[in-house]
Amino acid sequence: MSTLQLQPAFNKQSILLKKIGRVFGRVILYFILITFFFIFAYPFYHVFILATRDYQTIYTNPPPTWIGNSFCENWDTLFQKIPYHLNMFNSLGIAILATATQVFFCTMAGFAFAKYNFKYKGILFPFILITIMLPRFLWLIPTLQMMVWLKVTNTWFPMIVPQIGNAFGVFLMTQFIEGSVPLDLIDAARIDGLSEFQILLRVGFPLSRAGIAVLGTISFVFSWNDFIYAMVMLTKEEARTIPVALSEMNLRSEGIIGPVMLGNALGLIPILIAFIFFSRQIISNMLAGSVKG
Amino acid sequence: MRLNRQKIAPYVFISPFFIVFAAFMVFPLGFSIFLSFHKWSGMGGIKTAQFAGLQHFSFLLFKDVYFWKTIGITIWLLIFGSFTQHLFAIPLAIVLNSKLIRGRDIFRTAYFLPVITSAVSVAIIFQNVFNMKYGLLNYITGIFGVAPVDWINWSWSIPIAIAIVINWRWIGWNTLIYLAGLQAIPNELYESADIDGASLITKHVNITIPMLLPIIFFAVTMSIIGGMQIFDEPFVLTQGYLWMGGANNAGFTAAFYILWSLQRAGKYGRGSAIAWLLFLLVLIMTFINRAITNYYKGDNRGIKRVTAKKDKAIDIGPQMNLH
């Protein structure tokens, strides 16, 4: 009898303890997560604050936390010092075209690797894979020299065309197409009288949408952010992309960073907007691209 | 005819890729090897290149004042910029994976933000954050009574500043990779550990870490490849080529040295030689990483066998090169 009475009392106490422990644990966990939230998010807020301030009001102690009133001044200085609209146009044009061409040709090649048998396929594919493992800077000097010979530095060519030969893209698309395009469907399309190219367009592309989204996201982010190649290939002011233009402007700013920060903030806006609306897809696409092709 | 078309089609499909691949991926590699054995300034056609044999390599390895220094800085940054990411990312992923947490997507989004922005844009922001008198970082450390540090102008603090930026950029990326890995670990493992009365830390040391090993290997490999190529952050933070990495060359990384040889010194051959030596180093490190991972895997074969099926789900493909 006594045990029966004790039992519920004991339970109540342990439940209470558990609850306290849980609340306490939750507070700690949230504290950690929110601290990191601010560490990662605050610099993005900071850049927009600095973009609206002039030399005097940027360098204050404590550092500024709210917008200033020099937005228009900074805007004028920015466009006076560098052809920012052209830089933005280059960045967008290169990122969009590089993504489109890379996705199209890599899907095409991936389709061939995944769904056809041809001579040398067994040698060619592993050979392509090896180049994924090599660090990018091996290509920097020879590629620059080739572009100089072709007389295409300061154009979009060096930023777009070599991306078609991206081994990672072909590997990724081959993996995706292997799993997502059934051979039966291709055979059925053949019996219906579709040409091989029509099969690629009407069966291959639509069915590998998931892979195309993954490669497209990675390729766009990569092109938009690329610095080393852009810096080496695009040396004229009006040919530069945003990262190169900003870096150059920053080097010459002599502490007057309001306009630089404005350029920086404007360059962040397109990618921030895309990220706010499609964050879930962008994150999962980029992770999918790296963790499992 | 029909069968024939089917035979020709794959060649047509791979040809655009393959032509570009041969022209801009394979040929440059050979060209780079050629250059690393020649002296050439990039001027006056390739015929002016002089054969130099192993001169570049012997110069770099035994005589050059910069080479070993840049390698040292790069490895220092690899340890404190790239490896430390994982020390933050794994616990952070475990916290983010906790059942007690709501609003995971908001955190995921914020943590991922630095990944999709360019290194240049980030470095420009941090240049202001690192400002000695008016920067955010010194303001915060000042609250705790720490004397102000001129982060990007003092030789001892330049590598730390660069490491902070690298960590800041990639912790979120690794956190989300580990989070994906954590979600693939079967819950039964934790449940049976609960029955055995295992503490929280024991559970993570004995279940989480071993189960994450393939992903840790993959993520660390990516960090090695990325970390060995660090250029953007030191370049922007230490004001370009002029100071060659700031005070006492403290931010002069190996990739920075390659770019400097190319753009400032006009030494194409030496630049290529550095690139190949650096590649060798990446290769060695990847093998060491694999050896360490395999060694620990050997320790935990029991768990591996139990979860052999689930393991496939978190298997990994070759790495993508984001840097």
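By convention in this document, chain letters (A, B, ...) are assigned in the order of the sequence lines, proteins followed by strands, and residues within each chain are numbered from 1.
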### Task
Determine the option with the most heavy-atom pairs under 4.5 angstrom with chain B, choosing from A:F113, A:Y30, A:F37.
A:Y30
### Task
Decide if atom OH of A:Y45 counts as having more than 12 heavy atoms of other residues, nucleotides or ligands within a radius under 6.0 Å.
yes
### Task
May I ask you to check whether B:W170 and B:S223 show a side-chain donor-acceptor distance below 3.5 Å?
no
### Summary
Under 4.5 Å to a heavy atom of chain A? For B:F17 that would be both
### Task
Tell me, for B:F256 versus chain A, whether the close heavy atoms (under 4.5 Å) come from the side chain, the backbone, both or neither.
neither
### Query
Quick one: what part of B:Q263 sits under 4.5 Å from any heavy atom of chain A, side chain, backbone, both or neither?
side chain
### Message
Between A:R136 and A:D226, does any side-chain N to carboxylate O distance fall below 4.0 Å?
### Response
yes
#### Entry: Region of B:F34 in contact with chain A, defined by heavy-atom distances below 4.5 Å
neither
### Query
Using the ring of each side chain (for Trp, its six-membered ring), is B:F112 parallel, tilted or perpendicular to B:W173, with breaks at 30° and 60°?
tilted
#### Entry: Contacting moiety of B:D105, where chain A heavy atoms sit under 4.5 Å
side chain
### Contacting region of B:I116 [heavy-atom separation from chain A under 4.5 Å]
both
### Query
Do you know which of A:A112, A:S279, A:P43 has the most heavy-atom pairs with chain B at a distance under 4.5 angstrom?
A:P43
